[in-house]
There are 2 protein chains.
Amino acid sequence: MRTDKMIALISLSLALPALALAKPVIPVPPAKALIAAAMKDERAMTITADLTTDIGPRLAGTEAEARARAWAVERLTKEGFKNVRVEPFTMTAWSRVSESAQILGPHAQRLEVHAPGGSPSTPVGGIEGEVIRFDNMAALRAASPHMLAGKIAFVDDIMPVTKDGSGYGVAVEKRRNCALVASEKGAIGCLVRSAGTSQREVHVGQGRRGEQGNLPVLILANADATQLAAILAKGPTRVHMNIETAQVPEALSGNVIADIRGTERPDEYVVLGCHLDSWDLGTGALDDGIGCGIVTAAVLTAIDVAGPPKRSIRVIWYGAEEVGLLGGNYHAQNLKEKAASYVFAAESDSGDGKIYQAEFGFGPAAAPIQDAIATTLAPLGIERGAGRATGHSDIGPLAPLGVPVMDLNQDASRYFQIHHTPDDIMANVDKASVRQNVAAYSVTIWFAGWTTLDFRAP
Amino acid sequence: MRTDKMIALISLSLALPALALAKPVIPVPPAKALIAAAMKDERAMTITADLTTDIGPRLAGTEAEARARAWAVERLTKEGFKNVRVEPFTMTAWSRVSESAQILGPHAQRLEVHAPGGSPSTPVGGIEGEVIRFDNMAALRAASPHMLAGKIAFVDDIMPVTKDGSGYGVAVEKRRNCALVASEKGAIGCLVRSAGTSQREVHVGQGRRGEQGNLPVLILANADATQLAAILAKGPTRVHMNIETAQVPEALSGNVIADIRGTERPDEYVVLGCHLDSWDLGTGALDDGIGCGIVTAAVLTAIDVAGPPKRSIRVIWYGAEEVGLLGGNYHAQNLKEKAASYVFAAESDSGDGKIYQAEFGFGPAAAPIQDAIATTLAPLGIERGAGRATGHSDIGPLAPLGVPVMDLNQDASRYFQIHHTPDDIMANVDKASVRQNVAAYSVTIWFAGWTTLDFRAP
């Protein structure tokens, strides 16, 4: 094949001459052709536009997610994938019915709120209590044992904007844990500031799962958290919260799996993930419609440029990621002894931001492959990270099974302004940036699927 | 007074030597000092910040608007105004309870909607019908008489962004008239695209008042209108609309009136308006909290710089502007024969955009005064418009009574992105721009209140 001009990479390491002899021969990818094709790609955008229009929001376990699976099976088949099928699983599906919150008293006003996934309903008619504000979860944890009896805890730390999205982990903790910690101190409910950077649009997401310590929780828009804090500074303030949510204990979800059969080693799989479910306020264009668009378009681009792959390529549009990685965990659990057939895995699940960094989680002997991939990605503005890949989102559970994973880290500066809010819609997806992602994935998977290099090599 | 160096303006008109002799002597304003003081102003911002925090949204005729009036009386008194009082009137107050809309069928999804002011409730459980899309109101008007029987009309024209806000008038017509026109053709409800430029936040506003032809109406966010149009393009589509609204027939509203007594001609009033009520989704920071902040700060700035005015200065924070200029009309009606005491009127009601143009609605003989004001405003980047002022918002009804009015037109490029949406909050008010407004109003009112020039002169 025209793309298979074999060359040996010159070792940069003079310290290990013995290993240098065992170094694998790394084929040269048709990088220019792959990148040029990706830079004209329309499929990542059209797949996402069609999904977000035809289906719209696709909350895990709902009828809309089921429709999305049927849509995905049809679309992936139409795009040329084979054996497109659903890997079903059951879950407790949660959905919102209605939510509201009002400041009471002399500063009475409505607050912009939504419940996090998993929040129970309040009793009919709602709950009302004095609000006690905490700077962050540490302050809430440090509060004296009974100080919240009959009151509402308000955790108010602001998420900092960072390129690597590192502010999210801390910011999101209050959404997950306020209910548990506050309930232990006698609180009747929680208010938490959005773990996102949008001003007036509420950033939702999964809260606590399970019954114990699961108080009613409402997430405030950033501006509303600021407003509530300003009013609390004037004196004791009571808030009324009303939440109605629904739970379906044995709802169906599933992963949509689609393959391209390899010509030489069909039983070895290069796996690319994304997730099909979304939060319910937007249409899940950035999170994670475009992730599915990117990885799918990358596979099609690589086939267009380099012909059929030697190994099989598997695209997995996971279900129920948002509510706790249910699809990713289920697939990994199901896979178990077959995990050895997965020779490489990566997932796109950070929206449309440009990829700025590649990190690897391959076997020690695969270092030259990593070097080759990093060198090929460099013209796309992608640097090599200093860390070790752990596998994004649904791919994460594959890493402990020994599957070599790679993280193509995206610039998240704008992501947290949009994701999990009503603004997560197609109009906010940047096409140029998406094409850079398609290019990076098609270059990367070429190494995994159009060669027979061993990424696992110990 | 140090500011009263009298000079005669040199006439630019050589065609009218007789009139030139009768030309008024125009005092020179302390323009530099006024502008310098305004450029350090904090009061416009703090008044607005306090109003929007202490009260929040202030929908006409509600308890919140009543609280805002009490707040305004206290605040204006504290700022040094005298005889601060409420001019009460009654109105039918409307408020929203809940709204929702869903696309039904294979593309089932929720739409981001709110009802316009005045929309009736749907029957309990909502209404459902096939949606027929129209490019604009003209297309709806041209539709055959019975084509909408049992259906829902959807008027979808997009508001263009313009500096002078001229796109709003056309865009808003569908909100006001869809119900009437569609009901005549048998429709059961209306969906209209937002008359604003925000993507996912619904732009609300007053719809139809009165009973006849008043169908239930929902306003779609721009992105949702685009989404609905895309789905309609795939085939016939049904939508479910559910609206609950409330009406209070004899609700109280009122204008808050505050005076600074003139030293020479206390019975002549220079009137500055703004409105206290707001829509209910934001906190009315731009519309029109900041208008009240600007005109009030302008008066205080002029007093700081030029001492007490010769004429009385009257600030009116009008009630119930948003729902149909109720406060402005009531005040003008109440005023009638006393209208001659109003020697000048202007209103700030276009948010925080920079003033780029001044237009005059004075008597013919006041042309030299107009020239002097225009010359003084020029260093603030304000040009003289070619038209004739009609009086913004609540001041408009004073013009037909012979009150000389002036329009300080603001750049509205950004205004329609924010106003009438949840984003109308203090965080979106630009302080530098507000200071330019304070400067323009303080310079302008100096001519009206710190001199005894005749603006009405025929």
Side-chain angles (χ1 to χ4, degrees), chain A residues 49-59 62-64 66-68 70-71 95-100 102-103 105-112 198-202 221-224 226-234 242 278 280-285 418 421-428, chain B residues 49-59 62-64 66-68 70-71 95-100 102-103 105-112 198-202 221-224 226-234 242 278 280-285 418 421-428:
Chain A
D50 292 346
L51 172 63
T52 56
T53 306
D54 288 346
I55 310 298
R58 316 168 286 285
L59 191 63
T62 63
E63 175 276 335
R67 257 190 299 130
W71 183 97
S95 61
R96 76 185 77 251
V97 179
S98 66
E99 309 115 318
S100 66
Q102 280 89 27
I103 294 172
H107 307 293
Q109 53 193 282
R110 189 183 67 86
L111 293 165
E112 196 79 29
S198 177
Q199 191 166 257
R200 201 77 214 276
E201 304 218 90
V202 176
N222 273 298
D224 296 68
T226 300
Q227 184 83 334
L228 178 57
I231 289 167
L232 282 166
K234 293 169 190 282
N242 203 353
S278 75
D280 53 343
L281 304 179
T283 61
I418 295 173
T421 78
D423 263 342
D424 185 359
I425 59 173
M426 198 61 206
N428 286 324
Chain B
D50 292 346
L51 172 64
T52 57
T53 306
D54 287 346
I55 310 298
R58 317 168 284 285
L59 191 62
T62 64
E63 174 275 336
R67 258 189 297 131
W71 184 96
S95 61
R96 76 185 77 251
V97 179
S98 66
E99 310 115 318
S100 66
Q102 280 90 27
I103 294 173
H107 307 294
Q109 53 193 284
R110 188 183 68 86
L111 294 164
E112 197 79 28
S198 177
Q199 190 165 256
R200 200 78 212 278
E201 305 219 88
V202 176
N222 273 299
D224 298 69
T226 300
Q227 184 85 333
L228 178 57
I231 289 167
L232 282 166
K234 293 170 190 281
N242 202 354
S278 75
D280 53 343
L281 304 179
T283 61
I418 294 173
T421 78
D423 262 342
D424 185 358
I425 58 173
M426 199 61 206
N428 286 323

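Order of the sequence lines fixes the chain letters, A, B, ..., with proteins taken first and strands second; residue numbering starts at 1 for each chain. Just the heavy atoms: all of them, side chains too, but no hydrogens, waters or symmetry mates, feed the values below. Nothing here was measured: the structure is a model prediction, and the numbers come from that model.
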Exercise. Heavy-atom distance under 4.5 Å to chain B: side chain of T52(A), backbone, both or neither?
Worked result: backbone

Exercise. Could you state the interatomic distance from CD1 (I425(B)) to CD (E112(A)), rounded to the nearest 0.5 Å?
Worked result: 9.5 Å

Seminar exercise, completed: Scored by heavy-atom pairs under 4.5 Å with chain A, the best of R67(B), E63(B), K234(B) is R67(B)

Seminar exercise, completed: Looking only at G56(B), A108(B), A221(B), most heavy-atom pairs under 4.5 Å shared with chain A are made by A108(B)

Seminar exercise, completed: chain B shares the most heavy-atom pairs under 4.5 Å, among A230(A), P106(A), G282(A), with P106(A)

Exercise. Any donor-acceptor pair under 3.5 Å linking the side chain of H107(A) with the backbone of I55(B)?
Worked result: no

Exercise. Within the distance-only criterion (no hydrogens, no angle test), does the side chain of E201(B) pair as donor or acceptor with the backbone N or O of E201(A) below 3.5 angstrom?
Worked result: no

Exercise. If you count heavy-atom pairs under 4.5 Å between each of T226(B), I103(B), L281(B) and chain A, which one has the most?
Worked result: L281(B)

Exercise. Do S278(A) side-chain atoms and R58(A) backbone N/O form a donor-acceptor pair below 3.5 Å?
Worked result: yes

Exercise. Can any side-chain N or O of R200(B) pair as donor or acceptor with the backbone N or O of T421(A) at less than 3.5 Å?
Worked result: no

